[in-house]
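Please read the structure below before turning to the comments.
In what follows, residues are counted from 1 in the order of the sequence shown.
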Amino acid sequence: MKLHKKHWFTLFLVPMATLVLASCSSDSKDSTNTKKETNQSGTVLKEAYKKEEFLMGTYVRVQIFDEGKEDVLDKVFDRIKELDKKITVNQKGSEVDEINDQAGIKPVKVSDDVYRLTEDSLYYSKDSKGGFDLTIGPITSLWHIGFDDARKPEQKEIDEKLKFVDYEKVKLNKKDQTVFLEEKGMELDLGAIAKGFITDEAIKVLKENGVTTAIVDLGGNVFVLGDSQKGENGQWKVGIQDPNEARNTIAGSVKEKNMSLVTSGIYERNLEVDGKMYHHLFDSKTGYPFENEIAGVTIISKTSVAGDGLSTGVFSMGVKNGMKYVEERDDIEAIFITKDDHIYLSSGIKDNFELNEESPYKVKDIKDLN
């Protein structure tokens, strides 16, 4: 049995099928940085102040381009660590861990942060009809893909745990700010959406401290804030990593600013058993990883929590239904990369996407999909 973990690197040494910020600088500079330009909010450096730490099982990197704002880096990381401590299910003592411990027993009063995250998670669970399900915890804990003790469970084990996966049994009380799981054995797993929530909170800290231009990357959840000093019309060039090739190989790129880009795919964490690969995106109806034609789907949205919640939900739908869902909304765009080397683009991103000339992929029209 082989275990395949996700390995995160910097924005240049990227993990497979995450997002490469092609226009980012690669050198850290202090206040002596002389390469700068001025905008309405102040002086913007061409080379960023930056900080990187390994948190939440991934590399977290923040870059700030506003002159004199280097101290804000520590404030951003303090906020990220505060939220991680509240949300994680991988260590005892977190608020989410307490919610799980009290499943079927009593509601748990939580902080505003955890309540809002749970509320968002429940919304996207309902919106995707369980394609994303915040109560998938019993299944993810059983398989434990991404950890050294990952295994393929017996069918009877899966059947038993599926009884406890049901987002409709999560009860929120806004007045008391409590979360209650109705049945003992239920578990929240907010990992599929937590990085998006935390990314948005990091952006809030930046804005509250007067930062106008920055990049936040939480292990592939990328938010580009403000105007790039290198890009056309202030846009950042963001490369979409090829899910089937080595790190730093991009399938194509888009230009965006003040937007989030989030990818879900089968490449991130895998378990190989008897020659069959199992990825980490689970179907709440079967207890097994989703099986469809998608290798990766990228959601472009105004908030990262939306990108996280929707990327998993859209992935669960497959290309055709996923694209139909995306086109019915006016607040997101999507890039689908399939296992058979095709790329499908939502209508609002078609003129923005640039295919890498060396890529083996072909951009196809969704109308041609059977």
Side-chain angles (χ1 to χ4, degrees), residues 5-31 33 45 47-97 111 113-114 117 146-148 190-211 213-226 236 238 241 247-248 260-263 268-269 280 303-305 307-308:
K5 291 185 178 180
K6 183 195 303 182
H7 296 283
W8 298 107
F9 294 82
T10 69
L11 292 173
F12 291 97
L13 298 176
V14 295
M16 292 186 69
T18 56
L19 306 166
V20 187
L21 290 179
S23 64
C24 296
S25 69
S26 58
D27 299 315
S28 177
K29 297 291 181 180
D30 59 20
S31 57
N33 191 327
L45 306 173
E47 295 179 353
Y49 307 120
K50 64 186 178 182
K51 184 174 182 178
E52 178 180 297
E53 290 189 33
F54 189 79
L55 302 168
M56 302 176 291
T58 188
Y59 283 98
V60 176
R61 193 183 199 203
V62 179
Q63 299 184 73
I64 294 175
F65 293 85
D66 296 72
E67 187 176 34
K69 296 293 184 179
E70 186 173 13
D71 63 315
V72 181
L73 287 170
D74 288 338
K75 295 179 181 179
V76 173
F77 275 84
D78 286 347
R79 180 63 171 146
I80 292 171
K81 292 173 185 176
E82 176 191 11
L83 290 168
D84 180 34
K85 187 175 180 180
K86 293 178 180 180
I87 294 167
T88 183
V89 293
N90 295 322
Q91 62 185 46
K92 291 293 183 181
S94 74
E95 291 184 36
V96 174
D97 184 59
S111 64
D113 291 323
V114 171
L117 173 58
F147 296 87
D148 291 337
L190 307 181
I193 197 171
K195 286 196 300 179
F197 182 85
I198 295 173
T199 298
D200 290 338
E201 290 299 307
I203 292 296
K204 285 183 184 178
V205 173
L206 291 169
K207 290 180 176 179
E208 288 168 357
N209 286 274
V211 173
T213 308
I215 301 164
V216 175
D217 179 7
L218 266 71
N221 281 58
V222 177
F223 196 104
V224 286
L225 174 67
W236 305 88
V238 185
Q241 173 71 29
R247 304 179 187 99
N248 251 359
S260 162
L261 297 97
V262 175
T263 297
E268 293 179 351
R269 295 194 301 274
H280 74 297
T303 65
S304 192
V305 71
D308 251 351

Looking at K92 and D97, what are the two nearest heavy atoms and their distance?
CD-OD2, 3.3 Å

Which distance, rounded to the nearest 0.5 Å, do you find between the CG of L73 and the CD of E53?
10.0 Å

Which heavy atom of W236 sits nearest a heavy atom of T213, and at what distance?
CZ2-CG2, 3.7 Å

Tell me which one of K69, K81, K51 satisfies salt bridge (Lys or Arg N to Asp or Glu O under 4.0 Å) with D74.
K51

How long is the straight-line distance from OG1 of T58 back to CG of D217, given to the nearest 0.5 Å?
7.5 Å

Considering non-hydrogen atoms only, spot the tightest contact between V76 and A202 and give its length.
CG1-CB, 3.8 Å

NZ-CZ distance between K50 and F65, expressed to the nearest 0.5 angstrom:
9.0 Å

Please round to the nearest 0.5 Å and tell me the distance separating atom CD1 of I64 and atom CG of L206.
5.0 Å

Does any N or O in the side chain of Y49 come within less than 3.5 Å of the main-chain N or O of G68, such that one atom is a donor and the other an acceptor?
yes

Could you walk me through whether K75 and E208 pass salt bridge (Lys or Arg N to Asp or Glu O under 4.0 Å), step by step?
CA-CA 11 Å; K75 295 179 181 179; E208 288 168 357; over 6 Å; no

Could you give the distance from CG (L55) to CD1 (I80), rounded to the nearest 0.5 Å?
7.0 Å

Got a sec, which residues hit side chain to side chain contact (heavy atoms under 4.5 Å, CB included) with T88, two or more places apart in sequence or on another chain?
D84, N90, Q91, S94

Measure across S111 and E95 and return the closest heavy-atom pair with its distance rounded to 0.1 Å.
N-OE1, 2.8 Å

Between the main-chain N or O of L83 and the side-chain N or O of E201, is there a donor-acceptor pair closer than 3.5 Å?
no

What are the two closest heavy atoms between F223 and S260, and how far apart are they?
CD1-CB, 3.7 Å

Which class fits the ring pair Y59 and F54: parallel under 30°, tilted 30 to 60°, perpendicular over 60°?
perpendicular

When rounded to the nearest 0.5 angstrom, what is the spacing between CZ in F197 and CD1 in I87?
6.0 Å

M56 versus I198: any side-chain heavy-atom pair under 4.5 Å?
yes

Residues at least two apart in sequence or cross-chain that pass side-chain hydrogen bond (donor to acceptor under 3.5 Å, both in side chains) with K207, listed by chain then number, are none

Shortest non-hydrogen pair, V205 vs N209, comes out as O-ND2, 2.8 Å

Under a 3.5 Å cutoff, is there a donor and acceptor pairing between the side chains of S304 and N221?
yes

Are the side chain of D200 and the backbone of V305 linked by a donor-acceptor contact shorter than 3.5 Å?
yes

